[in-house]
Each structure stands twice: as C-alpha cells, then as structure tokens.
Amino acid sequence: MATFTSSAPTQRPLTSQEYRYRQAETGELVGQAIFTALVVVLFFELGVVLFKVLGPLIQSSPRFWGSDLKVDETLTRALANALTLLAPFAAYVTCGARLRELAAFDRRRAVRVALAATIIVYVLVTMGQYVFQVGPFAEKPSLEMSFRQTDEGVLVTGVVPGGTADRAGIKAGDLIVAIGRAPTTADELKEKIALAKFESKIGLRVSRDGQEELMPVEVVPVMEIGLAPLVGGLILALILAVIALFWPGGLTPYVLMVVIMIPLLVGYLWLIVATFSYRTEGLLPVDASGNFGGFTLRNWEFLTRPGTSSYPSIWRITLNTLVIASLMAIIVLTVSSMAGYALSRMNFPGRRAFLSLTLILHGFPAVTLLIAIFFILRNIGKVPVLGDYFGFNTRGGIALVMVAFEMPLGVWLMKGFFDNIPWDMERSALIDGASRWRTFWEILLPQIRPGILALGTFAFISGWGAYLIPQTYSVGTRTATLAVYITQLTGDTAPVNWNEVAAVGLYQMIPVFIIFIFAQEYLLNIYAGGTKGTS
Amino acid sequence: MKIVLENLTKKFGTVVGVDDISLTIEDGEFVAFLGPSGCGKTTTLLMIAGIYRPTAGIIRFDDRVINQVPPRDRNIGMVFQSYALYPHMTVFGNIAYPLKLKKVPKEEQAERVREVAAKMGIANLLDRRPAQLSGGQQQRVALGRALVKQPDVLLFDEPLSNLDARLRLSMRGEIRHLQKELGITAVYVTHDQVEAMTMADRIAVMNLGKLQAFDTPDDLYDRPKTLFIAGFVGNPPMNFLEVEVQREGDTFYAVNSALRVPVPAERGEAAARHGGQVIMGIRPEDITISETGTVRGEVFVVEPLGRDDLLDVHLDAANRLSVLADPAVHLRAGDTVTLALDTRKVQFFDPQTELSLLWR
Amino acid sequence: MASAASSASAIARSRSQAMRARLTAYGFLAPAGFLVLVFFFIPMLLILFLSITNLATTNFTTDVWRMATSRDPKYIVGLDNFERMFADEFAPKILFNTLFYVLATLLLFNVGLGLVIALLTAHVDRRAGFLFRALWILPRITSPAVYILMWKRIVAASPFGILNQFNELLGRPEANYFQGEAWVFIVMLNGFIGASFGMIIFTSAIESIPKDLMNASLVDGSTIMQRVRYVILPLLRWPLLFVTTYQTLSLLTSFEYILLFNSGGPASQTEVWSLAAYNRALNTYFANAQWGYGSAFAVVLVIIGVVMATVYMRVFRFNELVAEPKIEVL
Ligand SMILES: Nc1ncnc2c1ncn2[C@@H]1O[C@H](COP(=O)(O)OP(=O)(O)OP(=O)(O)O)[C@@H](O)[C@H]1O
Ligand SMILES: [Mg+2]
C-alpha cells in the first residue's frame, strides 16, 4: 500500500537551496525509519505475544475453557514468518514518498537511507523473533543427531554429545533400518521428526555390527539457528527495498492486487481445468494412468442429459433457479420500495417504531431463526390452497423466506434513496392531481432507478446463488436451485464425479458473473442512497 | 376564486412557522407575500396548496372551507422555485401530466398542451427532457404545467430567483400579463421587494411568521403602518432618527442634538399630540446635498451604486443618515457636507409600539 | 357565524381524512409488515418456546399450538436444554472458536481486505478496476458446494492437493492441512467471500466522494498515500462502521461453509456456535434432530443478535434519521 506514489521523478537540476533542504532531511528519514519500524514490529509482535503468552494461560485453566483447548502453533509461526518478509515493506513505509523524491535526484543517498532503514527494521524484527522464539528461532523437534541415506540404510553421521540420541545410546556410524517395524529412509525419518510432538519417543531400530536393537529416542525441542536463512532473508529484504525504491508507482496496485488474488486465481484455474479433464492432480489434468493429458468434454454432458425422476434435467433446474431468483428480486423490490417510501415520506402513527424496527432487523441475523421458520412453513403448508404455493418444500415458500431475509436491507436502502428526492417534486405531483400511489409509481420510482437496479441486482445474485434456505426447506429435487442440485450431486451414494460437479458449478456461475460485469456500475450506486443518510 | 385565511397558524413541533395570519385575497387579485428568509411565506403557500395541514385556523376558497380537501381537489397550479419538473418525462409529458390525471381524452390533452406551449413560447421544445433545457425554458415549462389545467388559483414560490436579472425582468411582465389576461387569483411568494412592488395588486409583508401589513404597494411605500414596514420596504432603506417634535407657533419642528428641521403641520401635530418623543423616518431620496442645507455632517463611507453614490453621513455620535449623491461631485470619506431635508413625506413612529402615528 | 358551523363539519371531515391518510401509509407498509410478522416476530417467539421443549425426531410434531397448550411434560422440559447446553463439554470451546472466527475473519478480510481491494481498484485503470472487482465477486456467486470443493482441492493430500503439489515441487514434506491449519483455511475461505461486501460498499463510498475534494487535494500536490490518509479514510468512517457492525452479525451466524468444509472438524475443532445450533436441530446427518436442544443454542444467538442490533442502532444515530416528512396530507 505504501508503494502507491505515482508522481514521476522530475529530472530538473536542483537549486543549491533545495539541495541543502534535502540534506537536512536525512537524519529525519532515519529517525522516521526507526520509529515506524518500532511501531510495525510492536504491532506484529503483540500478536505473537498474544498467542505465546495468553495461549498457555488459557490452556492452564481447563475448568473454564474445557480441557483440550490447543492454541494453534501454526498461526504463531505464520505470523512470525510474515514479520521477516514485512521488513523491507516496513522500511519502505517508513521513508515512503519522501525517499522516492530523494531518489529522483540523489540515487546514492536514497539507496543508502533505504538500506539503512531496512537493516534497522530487520535487526529489530529479528530481535523480536529471538525474544519470543519464533520464526527462524522457533524450537523444532529434533533427535540431536545427523544422518544421511546410504545404500544399506540411514547412516548416523554424528550425535550431539549428551544430547537425546546420545543418551538413548546411539553412536555415529550406526545404521537405522526402521522406525518401529517399518523400514525407513532418511527423508521419511526427517518428516517423522518434523511432525513429532515434543517429549514423545521415536523407536529407532538400529543395526550396529550386524546386531539389531530397538532404541526409543525422545524428541526434544531444539532451537536451530541457521545462519543461512537469516542472512538470506536480510539480502532478500535489501533487494526488495531497492526495488521498491525505484519501482514505477502506477504498477503497484496491479501487482498487489494480483498477489492478493493468488488463492482465488489458483482455485478458479483449477475449476476450469477440472471441468475439461478426467481427473486432476494438483493443477494438472491427468488421464487414467496418471500422465499429463486426459482432456474430455464428458463433464459437460449434463447439459444435454434428459431428466430422470431423481435428477431433473439441468434446464429445469436452471428454470427453477431463474424463477426463484427473479421472483425474489421482484418481490424484494416491491416490498422494500413500498415500505421505504412510506417510511421516508409519510406521516403516520407508529412511524418511528417501524423505522427503528427496520433498522434493528437490518442488523439482525435472520439465519438464527432458521429452526423456527421450519415450523412456520410446515404450518403454512397445512393451510388449504395457500399452503400449496407457500408452504414447506414449495418454490413460493422458499422465495418468501429469502425475501424476508433480504428485505430489511432493501427497505433501508430504498428509504435512503427516497430521502434524496426533492420534496418539491412530489408536492408538485400531488398538486397536479396525483394520489400518493400514483406519485409513488409514476413520479418517484423513476427517480430512484439507480437504487432499484442496485437492489435488484443484489437480490437477484443472492437468489441465484441461494443455497442454505432452499437446502433447508426443500426435500428432493422438485424445488431445487442450481446450488442445491450441485450439493445433491455430491451427496449421493454413487461415486461422485467431482469434475462434473465443477462443471455444473462453473455453468451456474457464468450468468451471474456476466450480470455482475454489466450491473456493477449500478451496484456501486448502493452507497449513494443507502448508507449515506446516516453520515 | 376568493381566498380567505382566518387565524391561520402552523407549528412544527415548537417552531412557529406561521403565526395567526388573517387576510382575504379577492377573486382575480395578484397578491405578493414578501418577507425575509424563514418568515413563513412558503409555509403559508403550502397550506393554501394543501400540502401542509394548518395547526389552527381556516382556509376558504370562496365560501368553502378547504382545510381538509386534498391538494388534487383544490384545482390549483403551482410553480416552484426549483421548477420541480419530472426529469423522466418530456416537456410534453410534463405539461400533459395534470390533464392525464384528470383523465382528459388524449386528443384534447395534446391540443391543450400545444396551446399552452405556444402561449409560453416553448412549442418547439416539446420533445425534449427537462435536463436539456435552460433555466428560463424550464421556468416556462413549469408555468405551462401550472396553467394547462386552467386552475382557479395560481401559486408561485419564488419562481424567478434562479434566473438572470434580464430574464427575470421580462418574466415578471409576462407572468403579470398572463395572470390578468386569464383572471386567475394569484399568490406570489418572493423576498425581492422590487418584484413585489412591480407585480402585485397588494402585498402581504410577513416577519417572523406574523403578517405585518397587507396593502397596495403605494400605501406600503408612502404610508407604512409600522416601523418594520418602513424599514423593510424601499431601497436604500429609510433613515430613522430619534427626535422631539416641538411646536413653535404654527410651525412644527423635529429637533434633536444634530438637527432642527421644520415638518408639515398635520404630520407634526400627530407626532406632537403623542408627547413629542418619536422616531422620525425619512427616505434617502428625500435628502439632498446643498449649500443651503441646514444639517451638517461628515461623510463616513462612500458606496458607489452606479447611478448614485450612497453616502453614510454622521451628523454626530448618535445620528447618521444614508444619503444619495451625484457621483460627479466626487465626495470622499472625511468630507463635510450640508444636507437639505425634504420633510413633506416624513414619517413618525411611536418608539414603544413601533406603530405609525400618522395613518390610523 | 358561518365559519363556526363550517369548522365543525371540517373537524368531522378531518377525522375521515386522517384515517384515509393513515390507511394509505399502512397499505404501503403492509407487505413488509406481514413478512416481519411471519418471518421475524413469530419465529422469535417460537424459538423461545421451542427452547423449553425436548422436541426431537422421536417425538416430532409440527403442531406447535397443541404442544404449547397441552403442558405435556413429554414435551415441555423447562430450562433443561439450557442447563444441558452450559454443561456441554464442547460449549466453552465452541464459544472460543466463534469469537476467534468472527474476529479474525472480520478484521483481516471482511473489513481489512475489503478496504484494501476498494482502495487498490480505485487506483487502477477504471476498466481494470471493474474486472478485479468482478473477479472478487466470484466467491460469493459460486455455489457453496463447488467453492468448498475448490478449497478442498487446494488443501487436499497428494496427489490431488494443489498446495501439496507445490510442496512436492519445492521438496518439502507433505502436509495435512485439514488437521493443523484448518482454521487458517476456514478464515480464508470465508474471508474471500466476505471481502466483496466491504469492497462494494467501500468502492461505492469512494466513488461518491465529491470530485472537487479529490481535485483540490490533487492540486495541493498530495501523493496517493496522503490522499488515502487524509481525504478518503476520514470520509469512509461511516461505511467502515456500517460494514463492521453488519458483518460482525453476518459472520456470527454464517456457518454453511464450515459445514461443507469439515462440518466443524473432528471433535468440534472448528465448530462455531451457529453451526452447533444447526447441527443439533436441523442436520439430519446426525440421525436424531434435536429441535428443542438446537433452539436453545439459537436463542443465545438471537439474544446476541438483538443486543448487537440495538448497539448498531445507537451507532447509526437513529434520531437523525427520523426527520418529519414534509408532506402532511394524502
Ligand atoms: N417541515 C418543517 N419542519 C420544521 N420546521 C419547518 C419546516 N418547514 C419550515 N419550517 C420552519 O418554519 C419557518 C418558516 O419557513 P418557510 O419555509 O415558510 O420560510 P420562507 O419564508 O419560505 O423562507 P425562504 O425565503 O428562505 O424560502 C422557518 O423557521 C423554518 O425553519
Ligand atoms: Mg421558501
């Protein structure tokens, strides 16, 4: 984020006065560097402390928290690693735009300041990591011996005197043939140690002078400080700092954006690959024998498959989804705009109460009522006629529940949009001879077109992707939406063709994606009326 | 249509928007509501239109009490300051809308719209949307929309304040002309007194929600009934001096520390009868700079107005006068002048009640 | 006087007038009111009632009324469910999980990442911004089953897992992400969905910042960083508050992705409160759906929801919203 600076370096010669002014800044820059670094480091180390100190505290009071609460070590480690990588960025944030300005006319000095700042930050970070024993200083499970793979087995090349292996009786030159009964290799042993818990024991079958013996070795925590990762990290940080210094500012948002999106891009890349192949291993499509290849269109055959009683054709399901989503969008729009209009523009007893109710419901998590609504729908189902359309396991009932959940947000947004229409417009319509209904319909609704489009898009998208409610309130595939249909594809006894599931998923996504691309402009209007009334 | 307001009052919570107004607007009359910002002009108008419900009091159209009649049954036309055109309709759609609501047949609608449009000089704009019109054109469309349904009453809420000076001048004439031609009762809200003076048959001056005066423009100017009216009507505003009116034989003199001027006998007598300690009002145009003047003062500020210079002349510490002077004379701050006061139109007010002592 | 008579009739008419005006207003509100009644108000009462019953698959009935009026101890068990809930050995763990899950996802993703995306996309080419945002909306529109399938493939074991394929390439040992890093991925996969809500609101807010303000700051020669710091962020105060409060509640009750990912994990490792309610009451997977017991879990959420929503109303300065309408008649 810090790398947003865009102004192109100006290449004109500096006046001596300007130069002196810049010169005075060096000390300030380094000072800034130290200060920011401290703040950054403090901030992140605080997170670590939280896990390192609070974790055991919580663990030590099992009565309150339950017995087997385990604080996640991986998080601690991930945080610590992030710290080291953050160092150059911290340095950059520190000197920020002014350093880049400096770089425009005095490269050498700018580089020097950047490097100095980076080193300071790095040292501080490393010190912090040392204090809390994380990152490169984290304690790792170890047997305190070194070994390598040979043809006969795993050869122990050395043991730490007095260490755990030594105590267990292992000597350099021993041959490890198995862990317990299972024959092993050096790689497997390494992995086994890495995953072992402290104070647990690994039983090594050691062959010495032709004799085999089982030696249980305790796993102990050892802080291995490799110089290589530390120095390597520093060099990387320095390089990054210099790159950041001369980085064209306009590019940064793009690069950052793409970096943040990597998990998404990878995931959806897989999805696309998967739909066109028999199987995938990682991101690679493979054929039956596990070799690269195996492209196929059979996953898309669902498009032409005729419906059966348990699996209706995809087109029926699509129609279902379309009906539910459109129905929902239309009802949400109708209900919300009517209520929004009354709340924004009419005076009646109970207005305040209803307004505060909407506001509360707007924030109220409707999903918590899922259980109770099950009973409501069941009971509506018992009502003659009405029950056939709005009861449990009907399209109407499902749409209605979704409308109810979407409505508070809708009313709120619509009220905001109505609030913004000049009063004179409506007064004028009333004087011209319109009733409130006609004013609403003929004069005001056209004015809030952006709001209608925004809410409509919003509602349609959420209706199209609806999963939880149709899933909960329907049985079988009669009223299934695409999302439910997909879930049912995955939940059957027959072997699931995951690649076909992926294909249906992609198929379901495409229309909404296209709608979103076109409707984004409208959707982005949401704030214009919606949440602004409050600021 | 005659409009009668009886003790009309409007409160917004604790704020009093309109306070106990009573007046009668005759059929075909053009009445202007004039007053400073926030005095309740719009509120009164909206009550007549039926948008606001009066807190107390009665509104009659002719003899009918219409307090509870919804706006659409009052047959009024209104022109708003913001024009309030419907942006999603064409000019034709806008003007035709009141007719459409009255379920007038399509052909007749078109005919009447075209007729009105021709009268307003916007016949060539009928297919455009409001956003594609200039301010003046929008103004005409709004007027057309108000007229097309042949209303009994026309209401205007500062309709000209968004126009440039020149257009405002010509629209004034046009509106006035139309109103007289059609003979529709009109209520016209403005805070521009020139507009009110030139257009209205009678002017209702309001202040702080109260009706201050309801009179013809000439009466307001020459016979203000209160100090407020005297100060409010006329530009530059009337000068006020605290004086004592003394009788010397048949002549009455207004006297204070800075001046001693004779005043007309009948006016002076009314003031003297009141005890003598009064506020005297004299308009700047009744004061001239002349060698023969009897009042001396020092020029403090010179404000060039174009045709005249407006001088702020200090007579002494307590008394000052606004005076109009010929720019050619080149008076500057610090100059000493002698002033001649033409006291034929001088006004006298009671300092306590602020009521005029002359016209009751 | 004539006016006295007519004012009397005026008052009579005024009653019917006011009535009609009210009826119009209620007419506009009726559909919304109906939905509120049927899907919020009654369910809320219902869930309170269910939580004192032991309704389950074994004694299932939908006739709530009969159940309530019968006072049959076969159904009505008083506060037993709550006692059982507080005694549940997993309850504290689930509570802690919920807290962690909501806070981590909210701060890192729903607000944090949402804001970052909004700011980033506001500073790239307009078309590119549109594309990026469209891509970010993908998680929200992907069917949950497929979305989860995707993440499962990312973390799966060899040979299917994408991460493990990278591990293999880098020569690192295979990792079991379902065990160790389950939380990391649950937070991430929920966060990637949640971020788009903040993104839309924030972008919309940034776009509605008057251009004059931006230009003024551009003329002042500010850097992008300074504009973000001094122009954009202060104006984003309300949207930030809004997204934070709104999303806290959404997260508190969102469980479908955890349900699909690992159903709360072995021994409630990653089970959150709302999932617990669902698992106990509605999930037929556990053969015996315990409606009563599940409702007790839900009641806790309803209470939290009402409390938070009330706070939310304070935050939004309700009183400023209820300006009187400026038309007083029909
Ligand atoms: N809807 C309302 N709610 C509360 N107070 C109002 C409302 N409308 C008007 N007021 C108050 O009533 C008083 C009169 O307002 P009104 O709009 O009639 O003034 P005005 O004479 O039209 O002023 P201007 O020349 O500025 O248009 C003002 O003090 C105003 O603040
Ligand atoms: Mg006004």
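Chain naming here is simple, since letters A, B, ... match the order of the sequence lines and numbering starts at 1 in each.
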request  = Below 4.5 Å from any heavy atom of chain A, which atoms of Asn164(C) appear? Answer side chain, backbone, both or neither.
outcome  = neither
ask   = In terms of the angle between their ring planes, are Trp437(A) and Phe28(C) parallel, tilted or perpendicular, with boundaries placed at 30° and 60°?
value = parallel
remark   = Greatest number of non-hydrogen atom pairs under 4.5 angstrom with chain C, of Ile373(A), Val411(A), Leu377(A), Ile461(A), falls to Ile373(A)
remark   = Closest non-hydrogen atoms of Val146(C) and Val501(A), given as atom of the first, atom of the second and distance, are CG2-O, 3.7 Å
query = Side chain, backbone, both or neither: which part of Val306(C) has a heavy atom under 4.5 Å from chain A?
reply = both
ask   = Checking heavy atoms, do the side chain of Ile331(A), its backbone, both or neither come under 4.5 Å from chain C?
value = neither
Whether Trp273(C) and Phe297(C) hold their rings parallel, tilted or perpendicular, with breakpoints at 30° and 60° = tilted
ask   = Non-hydrogen atoms of chain C under 4.5 Å away: do they reach the side chain of Leu271(A), the backbone, both or neither?
value = side chain
ask   = So what's closer than 4.5 Å to chain C heavy atoms on Met509(A): side chain, backbone, both or neither?
value = both
message = Does any backbone or side-chain atom of Leu135(C) lie under 4.5 Å from a heavy atom of chain A? Answer side chain, backbone, both or neither.
response = both
request  = Check each atom of Arg133(C) against the heavy atoms of chain A and say whether the ones under 4.5 Å are side chain, backbone, both or neither.
outcome  = both
inquiry  = Keeping Gln165(C) on the side-chain end and Phe160(C) on the backbone end, is there a donor-acceptor pair under 3.5 Å?
reply    = no
key: Heavy-atom contact with chain C under 4.5 Å, split by part of Leu506(A)   = neither
ask   = Given that the side chain runs from C-beta out, which part of Leu113(C) has a heavy atom under 4.5 Å from chain A: side chain, backbone, both or neither?
value = side chain
Interface moiety of Thr142(C) toward chain A, non-hydrogen atoms closer than 4.5 Å = both
key: Contact class of Tyr26(C) relative to chain A, heavy atoms under 4.5 angstrom   = side chain
request  = Go through the atoms of Leu252(C) and report whether side chain, backbone, both or neither lie under 4.5 Å from a heavy atom of chain A.
outcome  = neither
inquiry  = Checking Trp270(A) against Thr280(A): is there a side-chain donor and acceptor pair closer than 3.5 Å?
reply    = yes
key: Option that, when pairs with chain C are counted at under 4.5 Å, heavy atom only, ranks first among Ala483(A), Pro349(A), Ala342(A)   = Pro349(A)
ask   = What part of Tyr268(A) lies closer than 4.5 angstrom to a heavy atom of chain C: side chain, backbone, both or neither?
value = both
ask   = Tell me, side chain or backbone of Phe513(A) under 4.5 Å from chain C's heavy atoms, or both, or neither?
value = both
inquiry  = For Phe40(C) and Phe405(A), take the angle between the two ring planes, folded into 0 to 90°, and tell me which bin it lands in: parallel under 30, tilted 30 to 60, perpendicular over 60.
reply    = tilted
task = Answer yes or no: is there a donor N or O on one side and an acceptor on the other, between the side chain of Arg351(A) and the main chain of Met346(A), under 3.5 Å?
result = yes
task = If the plane angle is over 60° it's perpendicular, under 30° parallel, otherwise tilted; pick one for Tyr278(C) and Phe255(C).
result = tilted
inquiry  = Given heavy-atom pairs under 4.5 angstrom as the criterion, report whether the side chain, backbone, both or neither of Pro159(C) touches chain A.
reply    = both
note = Whatever's closer than 4.5 Å to a heavy atom in chain C on Arg427(A) counts as both
